[in-house]
Amino acid sequence: MADPKGFLTTGREVAETRPVGERVKDWNEVYVPGSLLPIISKQAGRCMDCGIPFCHNGCPLGNLIPEWNDYAYREDWTAASERLHATNNFPEFTGRLCPAPCESACVLGINQPAVTIKNVEVSIIDKAWDSGDVTPQPPERLSGKTVAVIGSGPAGLAAAQQLTRAGHTVAVYERADRIGGLLRYGIPEFKMEKSHINRRIEQMRAEGTKFRTEVEIGKDLDAAKLRRRYDAVVIAAGATVSRDLPVPGRELNGVHFAMEYLPLANKVQEGDLTVSPITAEGKHVVVIGGGDTGADCVGTAHRQGAASVTQLEIMPKPGEERNANQPWPTFPMLYKVTSAHEEGGERVYSVSTTHFEGDEDGNVQSLHLIEVEFKDGKLEQKAGTERVIPAQLVTLAMGFTGTDQANGLVQQFGLDLDERGNIARDEDYATNVDGVYVAGDAGRGQSLIVWAIAEGRSAARGVDRYLTGASALPAPIRPTDRSLMV
């Protein structure tokens with residue numbers, strides 16, 4: 001146990017953010033560098049050694065949270081890093097990007113603010129990198145088996161690292177020009193600087209993983225040929241098909257999917273572009289969708305100098321406390337103010353877009369919306385509530401509908417799909433095609449980064465067993481497992 005009285009004597013403190021006026025002028029991470037270490041040991045000491053640590057159930061990775069809290073409290077950073085990496089390949093990603101379902105399940109959270117698990121996690125891993133505790137772990141011997149991983153997001157990278165360390169020769173194929181998937185081009189720099197990805201890639205290269213960029217399986221390389229080339233294949237291509245908004249005016253210039261808008265902003269930060277071809281500078285920006293991707297669009301628009309930013313959400317505004325039908329330890333739907341929302345803009349709930357209007361050149365100029373409400377389980381428009389708001393740039397951030405089938409990957413492999421349009425798999429993450437496995441959003445559907453990493457680790461065990469007949473790799477979740485929700 002850490003501090004036996006820590007949860008009684010120490011209040012919750014979280015990472016300090018830089019002033020809004022400062023951070024919107026750059027693309028660096030929003031937090032004050034080094035602000036966590038002076039407070040994090042005491043925060044870790046709030047972990048109360050509860051009899052049943054429900055934080056384990058809240059996290060699909062099965063992170064050993066009380067153990068590394070104890071080590072962090074004692075400032076044994078090497079041991080803390082070892083326990084952190086025992087269940088998570090990339091804690092610097094999850095510590096920055098995960099919405100922390102572990103904190104929602106924290107026992108202390110029943111009647112007090114939960115332990116700052118996410119902040120402790122990122123402090124441990126940042127300290128580990130600074131002190132040299134994160135080193136390559138190449139296998140002692142090679143198996144002689146080869147594996148192709150399609151997709152370099154968190155699921156693909158986790159599967160690749162696990163299989164490489166198990167002794168297999170692994171090549172990761174990525175259709176973009178850099179490794180990282182949505183971590184690279186879907187997450188803004190201010191949320192996670194890409195140096196964190198780069199150093200993990202270098203670690204994986206040193207372990208023996210090979211990377212092939214700008215190769216789209218199904219288009220640039222036939223999937224059937226890839227299967228014949230390798231002993232096994234892991235599909236971790238994500239659920240990259242964006243949900244569209246088929247209303248009049250959708251075809252106007254200036255209406256874009258979030259995943260058309262965000263990657264270009266990231267390419268500016270990578271040095272590939274001087275100015276983004278899709279910019280919010282001087283424009284009235286409307287973001288449709290109230291989730292994390294929508295918030296990323298909001299923060300990006302602020303940094304590009306938008307004249308105004310409005311975020312629309314079709315659902316009602318969530319409450320600031322748990323509803324009775326979302327009891328502890330489930331993950332509650334709460335009103336969340338992200339760093340992007342702190343920076344300004346308006347958030348409008350319970351509204352639906354009816355159509356867009358443009359100018360004579362075909363550029364979007366305004367958006368028509370109407371208030372909606374749920375009646376008898378159905379969404380109905382409220383008569384007389386129509387209004388028009390200016391919109392010279394609109395980003396659609398309404399989630400994703402499934403894995404890409406237009407590139408031919410699914411058809412060329414001959415893969416079966418489930419009733420939701422995801423790639424079907426069995427308990428070992430195997431598809432209907434011998435030697436072909438699927439992990440992450442391509443099989444689960446749109447989900448969280450912790451689920452993606454957990455699926456990558458679990459699928460790696462299935463592949464390892466397929467190749468060798470047995471496996472010592474961990475499998476934290478089954479394909480049928482779901483979030484701790486009601």
Side-chain angles (χ1 to χ4, degrees), residues 61 85-90 93 134-175 179-181 183 197 199-213 215 217 221-238 409 413 415 423 425-440 442-443 452-479:
L61 285 165
H85 281 101
T87 57
N88 188 352
N89 298 71
F90 314 117
F93 301 167
V134 183
T135 58
Q137 299 179 34
E140 294 182 359
R141 61 182 63 87
L142 296 178
S143 68
K145 302 293 185 180
T146 59
V147 183
V149 176
I150 303 172
S152 67
L157 292 179
Q161 186 167 64
Q162 294 293 95
L163 290 166
T164 297
R165 290 176 174 178
H168 308 303
T169 300
V170 180
V172 178
Y173 288 83
E174 169 57 52
R175 63 183 177 180
I179 295 298
L183 292 172
I197 304 175
R199 62 188 180 186
R200 275 297 177 185
I201 299 306
E202 290 310 307
Q203 180 201 33
M204 293 178 67
R205 280 199 175 101
E207 292 171 349
T209 305
K210 310 297 182 184
F211 295 97
R212 308 279 187 263
T213 57
V215 181
I217 307 303
L221 180 60
D222 185 271
K225 290 181 180 179
L226 183 80
R227 176 65 190 94
R228 290 193 294 269
R229 186 182 298 180
Y230 291 88
D231 295 309
V233 175
V234 178
I235 300 172
L409 182 150
F413 271 123
L415 298 169
I423 300 173
R425 66 266 182 92
D426 64 15
E427 285 296 297
D428 281 332
Y429 293 82
T431 70
N432 61 295
V433 180
D434 181 57
V436 179
Y437 291 72
V438 62
I453 296 174
E455 287 227 350
R457 290 170 66 87
S458 299
R461 176 184 173 88
V463 174
D464 190 35
R465 188 158 55 183
Y466 169 79
L467 294 174
T468 65
S471 181
L473 294 177
I477 59 171
R478 299 166 298 180

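We're numbering straight along the sequence, starting at 1.
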Can you name the nearest heavy-atom pair linking [X] to [Y], along with the distance?
X	Y	value
P139	E207	CD-O, 3.6 Å
V438	G443	CG2-N, 3.8 Å
P136	A206	CG-CB, 3.5 Å
A155	G440	CB-CA, 3.8 Å
A237	A442	N-CB, 4.1 Å
T135	Q203	O-NE2, 3.1 Å

Donor-acceptor contact present, side-chain [X] to main-chain [Y], <3.5 Å:
X	Y	value
E174	S152	yes
E455	A439	no
R478	Y429	no
R199	E202	no
D428	A430	no
R425	T431	no
T164	G208	no

message: Between R200 and V134, does the side chain to side chain contact (heavy atoms under 4.5 Å, CB included) criterion hold? Intermediate values first, please.
response: CA-CA 9 Å; R200 275 297 177 185; V134 183; 3.7 Å; yes

[X] side, atom [atom1]; [Y] side, atom [atom2] - distance, nearest 0.5 Å:
X	Y	atom1	atom2	answer
R175	T213	CZ	OG1	14.0 Å
S471	L163	OG	CG	8.5 Å
L409	I235	CG	CD1	5.0 Å
L61	I477	CG	CD1	8.0 Å
L415	I423	CG	CD1	5.0 Å
L183	L157	CG	CG	7.0 Å

- prompt: Should L473 and R457 count as side-chain neighbours, where that means a heavy-atom distance under 4.5 Å?
  reply: no

message: When you compare the side chain of R227 with that of V436, does any pair of heavy atoms fall below 4.5 Å?
response: yes

message: If the test is side-chain hydrogen bond (donor to acceptor under 3.5 Å, both in side chains), which one of T209, T468, D464 qualifies with H168?
response: D464

task: Apply side chain to side chain contact (heavy atoms under 4.5 Å, CB included) to L226 and I150, showing your working.
output: CA-CA 10 Å; L226 183 80; I150 303 172; 3.7 Å; yes

- prompt: Would V170 and V149 count as a side chain to side chain contact (heavy atoms under 4.5 Å, CB included) if you check the C-alpha gap in whole Å, the side-chain angles of each, and the deciding distance to 0.1 Å?
  reply: CA-CA 7 Å; V170 180; V149 176; 3.8 Å; yes

message: Does V233 form a side chain to side chain contact (heavy atoms under 4.5 Å, CB included) with V147? I'd like the steps, not just the answer.
response: CA-CA 6 Å; V233 175; V147 183; over 6 Å; no

- request: Mind checking ring pair (Phe, Tyr, Trp, His ring centres under 6.0 Å) for Y173 and listing every partner two or more places apart, or none if nothing turns up?
  value: none

task: Mind checking ring pair (Phe, Tyr, Trp, His ring centres under 6.0 Å) for F211 and listing every partner two or more places apart, or none if nothing turns up?
output: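 Residues passing ring pair (Phe, Tyr, Trp, His ring centres under 6.0 Å) with F211: none at all.
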
[Y] and [X] side chains, donor-acceptor separation under 3.5 Å:
X	Y	result
Q137	Q161	no
D231	Y466	no
T146	T169	no

